[in-house]
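For this chain, numbers begin at 1 and follow the sequence in order. Indexing begins at 1, ligand by ligand and atom by atom, following the structure's order.
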Amino acid sequence: MDCIFCKIVKGDIPSNKVYEDDTVLAFHDIAPQMPVHVIVIPKTHIESAAEITAENSAVISHVFEVIAKIAKDLGLDNGFRVINNCGEDGGQTVKHIHFHILGGEKLGEKLVK
Ligand code: AMP
Ligand code: ZN
């Protein structure tokens, strides 16, 4: 499958890893939009948030445990934002579900531009 995040999971494409366990991987975004910009993914290929089901949601729950841990580890004590872009209208460019952790300075108050 031609999925860049699956290739990162396999190690075929390098990444700057922040966290890894059996089911979840996190790495620094290649084009950071904030001082801290980390991508968190399940290792299993789920295309988008629209594909979350009762069968695969446990790993998504675990993703959020990992997000809390990474935020602590990276010192985001004053807060941060988690973003998931889903599908064409949501602006999703990589079709492997992922969550952006954005922080390190105060974000804009608007939810979207
Ligand atoms: P989205 O627009 O929500 O699909 O976000 C995809 C994100 O993946 C963007 O912020 C990209 O900068 C990031 N990205 C794409 N390729 C890589 C890569 N090889 N390593 C790290 N981040 C990447
Ligand atoms: Zn994938």
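Close approach of ligand 1 to G91 is summarised as follows: ligand atoms under 4.0 Å from at least one heavy atom of the residue are 2 (O). With ligand atoms numbered from 1 in the order given, ligand 1 contributes 15 (C), 16 (N) to contacts under 4.0 Å with heavy atoms of I4. Within the listing of ligand 1, atoms 1 (P), 3 (O), 5 (O), 7 (C), 10 (O) sit less than 4.0 angstrom from a heavy atom of H100. Residue-ligand proximity, F5 to ligand 1, at heavy-atom distances under 4.0 Å covers atoms 8 (O). Here is the list of ligand 1 atoms found below 4.0 Å of a heavy atom in A31: 12 (O). Counting the atoms of ligand 1 from 1 in the order shown, those under 4.0 Å from a heavy atom of T93 are 1 (P), 2 (O), 4 (O), 5 (O), 6 (C). Below 4.0 Å from some heavy atom of H28 lie the following atoms of ligand 1, by number and element: 21 (C). Atoms of ligand 1 found under 4.0 Å from any heavy atom of F27, numbered from 1 in the order shown, are 21 (C), 22 (N).
Checking each of L25, I41, I13 against F5 for a side-chain contact (heavy atoms from CB on, under 4.5 Å) leaves exactly one that passes, namely I41. Screening H45, K7, K43 against H96 for a side-chain hydrogen bond (donor to acceptor under 3.5 Å, both in side chains) leaves a single residue, H45.
Only the side chain of I8 comes within contact range of ligand 1, with a heavy atom under 4.0 Å; no backbone atom does. Of all the heavy atoms of N84, none lies under 4.0 Å from any atom of ligand 1, so neither backbone nor side chain is involved.
Residues H100 and H37 bring a donor and an acceptor atom of their side chains to less than 3.5 Å of each other.
Of the candidates K95, H98, H96, Q33, H98 brings a heavy atom nearest to atom 6 (C) of ligand 1. Distances from atom 11 (C) of ligand 1 to the heavy atoms of D29, L102, N85 put D29 nearest.
Residue I13 has no N or O atom closer than 3.5 Å to an N or O atom of ligand 1. Polar contact check, V94 against ligand 1: a nitrogen or oxygen pair lies under 3.5 Å apart.
When side chains are defined from C-beta on, V38 does not count as touching I67, because their heavy atoms never get closer than 4.5 Å. Looking at V94 and I4, their side chains come closer than 4.5 Å, going by heavy atoms from C-beta outward. Two residues are said to be in side-chain contact when any heavy atoms from C-beta on lie closer than 4.5 Å; T23 and T44 fail this criterion. Using a 4.5 Å cut-off on side-chain heavy atoms (C-beta onward), F80 and L102 make no contact.
Scanning all protein heavy atoms for the shortest distance to atom 17 (C) of ligand 1 gives I30 CG2, 3.7 Å.
The nearest pair of heavy atoms linking H98 to Q92 is CE1-CG, 4.3 Å. Smallest separation of non-hydrogen atoms from A26 and V40: CB-CG2, 4.0 Å.
The number of protein N, O or S atoms lying under 2.8 Å from the Zn ion (ligand 2) is 4.
Within 6.0 Å of CG on D12 lie more than 12 heavy atoms contributed by other residues, nucleotides or ligands.
F99 CZ to N84 CG: the interatomic distance, rounded to the nearest 0.5 Å, is 4.5 Å. Atom SG in C6 sits 14.5 Å away from atom NZ in K95 (nearest 0.5 Å).
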Pairs of donor and acceptor atoms involving the side chains of residues 48-64, under 3.5 Å and at least two apart or interchain, shall be tabulated with distances.
residue	atom	partner	partner atom	Å
S48	OG	A50	N	3.1
T53	OG1	E55	N	3.2
T53	OG1	N56	N	3.3
N56	OD1	T53	N	2.8
N56	ND2	E51	O	3.0
S57	OG	T53	O	3.3
H62	NE2	D21	OD2	2.6

